[in-house]
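In this chain, numbering begins with 1 at the start of the sequence shown.
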Amino acid sequence: MANDKGLIVSFGEMLIDFVPTVSGVSLAEAPGFLKAPGGAPANVAIAVSRLGGKASFIGKLGDDEFGHMLAGILKENNVSGEGILFDQGARTALAFVTLRADGEREFMFYRNPSADMLLNPEELNLELIRSAKVFHYGSISLIVEPCRSAHLKAMEVAKEAGTLLSYDPNLRLPLWPSPEEAREQIMSIWDKAEVIKVSDVELQFLTGNPNIDDESALSLWHSNLKLLLVTLGEKGCRYYTKNFRGSVEAFQVTAVDTTGAGDSFVGALLAKIVDDQSVLEDEQRLREVLKFANACGAITTTKKGAIPALPNESEVLALMNAT
């Protein structure tokens, strides 16, 4: 890749989201579906690449038409596929996702087991992980073995190499055996990450506190953290560091589908800090980065599906300059 920027490696699942052809209906009511490539870690990798960053994805796909299609989409988007493996015995994961009339998303997953769940620690491309400046991951890869062990091993190798660890739990309750198990496993790796992004709903879930406020957010703070972010949808985001905290307003757009908005936000943040982490200690510069990230998230909600909606830098700047 002819790109001299620091490498951001995303670890985890890539799958196909099936999105209804019409908005505001339940999955059962949808007359038809569009297939849209997705999976939070893969979305982040493509978000980084669209913004001119250098990204790679580590994960396992089914050795099937959908798996090879997804690998092709990563390649088309200039995301390195050195960390991709194909499993001959399992299918690529599928998810049906709808934005109901009440604005809530509804998910139905087909993973029994899917290829992403079968990644073994021995199959990891450790050199790729060691060469990263940022290692980004979610929590879906913690649900079952052997992928959980692969996730823990990858984190350990990244940490030893001095890589910045970035965590977006990306809670998907239907995939977990129980809410208690989800909370326990998500928190089991909490104190390792240096950058963590949670949504307002995830904040409520993880703290058990219905209030979305500073006190609730700071109850998730730990000593290794450099930046904690809480995304608030159309209300923007809040940020917390060791030395300062604050909020950044959102950009007002007409949302069609919120899938991938958080991943777009994270990709933008990581692309902006990968080569200069001192931004995390400079409130003014961090606010500028978060404003840019908010714009990325906003644009992503204006189209259906995650990856098709991820913006490039010129689209983001156009939105920022228009307001």
Side-chain angles (χ1 to χ4, degrees), residues 9-19 27 33-46 55-77 79-97 107-130 132 135-158 168-178 181-182 185-186 188-189 259-260 263 305-307:
V9 170
S10 279
F11 173 92
E13 71 283 355
M14 187 174 193
L15 47 90
I16 296 178
D17 289 327
F18 283 87
V19 186
L27 290 174
F33 294 88
L34 295 167
K35 69 177 191 295
N43 293 344
V44 169
I46 291 176
S56 190
F57 173 75
I58 293 179
K60 206 172 206 188
L61 300 167
D63 190 5
D64 51 32
E65 286 209 12
F66 283 156
H68 289 283
M69 181 192 98
L70 292 175
I73 285 162
L74 288 170
K75 192 174 175 184
E76 280 163 31
N77 284 280
V79 174
S80 151
E82 293 167 73
I84 297 173
L85 294 140
F86 293 95
D87 195 297
Q88 294 185 330
R91 296 284 189 206
T92 300
L94 307 178
F96 287 80
V97 188
F107 291 91
M108 195 155 67
F109 294 92
Y110 287 77
R111 302 165 86 231
N112 188 33
S114 52
D116 60 288
M117 300 158 74
L118 302 176
L119 179 64
N120 277 296
E122 299 73 41
E123 295 175 307
L124 291 169
N125 184 332
L126 299 183
E127 284 314 304
L128 180 62
I129 295 168
R130 289 186 186 111
F135 183 68
H136 175 75
Y137 47 89
S139 70
I140 288 171
S141 40
L142 296 172
I143 297 174
V144 292
E145 293 291 1
C147 190
R148 184 170 192 276
S149 290
H151 183 140
L152 297 177
K153 170 79 173 173
M155 273 174 53
E156 184 188 325
V157 169
D168 176 358
N170 198 41
L171 178 68
R172 295 285 177 268
L173 271 180
L175 291 178
W176 291 91
S178 68
E181 175 79 0
Q185 292 300 335
I186 286 170
S188 72
I189 58 168
T259 310
D263 304 325
I307 290 169

*Between A71 and F86, what is the shortest heavy-atom contact and its length?*
CB-CZ, 3.7 Å
_Pairwise side-chain contact, W176 with Q185, heavy-atom cut-off 4.5 Å (strictly under)_ = yes
*What closest approach, in Å, do M117 and V144 show between heavy atoms, and which atom pair accounts for it?*
CE-CG2, 3.6 Å
*Only counting residues at least two apart or in another chain, list the ones meeting side chain to side chain donor-acceptor pair (under 3.5 Å) with S139.*
none
*Not counting sequence neighbours, which residues clear side-chain contact (heavy atoms from CB on, under 4.5 Å) with D263? List them please.*
A40, N43, V44, D168
*E127: side-chain contact (heavy atoms from CB on, under 4.5 Å) partners, not counting sequence neighbours*: N125, R130
*Check step by step if side-chain contact (heavy atoms from CB on, under 4.5 Å) holds for M69 and I16.*
CA-CA 10 Å; M69 181 192 98; I16 296 178; 3.7 Å; yes
_Heavy-atom donor-acceptor pair, K60 side chain to L118 backbone, under 3.5 Å_ = yes
*Sequence neighbours excluded, which residues qualify as side-chain contact (heavy atoms from CB on, under 4.5 Å) partners of L27?*
F33, F96, T98, E106, M108
*Under 4.5 Å between any side-chain heavy atoms of V19 and T259, yes or no?*
no
*Stepwise, does the side-chain contact (heavy atoms from CB on, under 4.5 Å) test hold for F11 with I129?*
CA-CA 9 Å; F11 173 92; I129 295 168; 5.9 Å; no
*Determine whether M14 and L74 make a side-chain contact, defined as any pair of heavy atoms from C-beta on separated by less than 4.5 Å.*
yes
*Please name all residues satisfying side-chain contact (heavy atoms from CB on, under 4.5 Å) with A95, sequence neighbours left out, ordered by chain then number.*
L15, D17, V97, F109
*asked:* Counting C-beta onward and ignoring hydrogens, is there a side-chain heavy-atom pair between I140 and R172 closer than 4.5 Å?
replied: yes
*asked:* L142 vs I186, test: side-chain contact (heavy atoms from CB on, under 4.5 Å). Steps then yes/no.
replied: CA-CA 8 Å; L142 296 172; I186 286 170; 5.5 Å; no
*Can you name the closest pair of heavy atoms from S114 and A90 and give their distance?*
C-CB, 4.1 Å
*Counting N and O atoms only, with roles assigned by atom type, does the side chain of S56 sit under 3.5 Å from a partner on the main chain of S80, one being a donor and the other an acceptor?*
yes
_Derivation of the side-chain contact (heavy atoms from CB on, under 4.5 Å) call for V79 and I73_ = CA-CA 9 Å; V79 174; I73 285 162; over 6 Å; no
*Taking only residues two or more places apart in sequence or in another chain, which ones pass salt bridge (charged side-chain N to carboxylate O under 4.0 Å, His left out) with E181?*
none
*Can you find a pair of side-chain heavy atoms, one from R148 and one from H151, that are under 4.5 Å apart?*
no
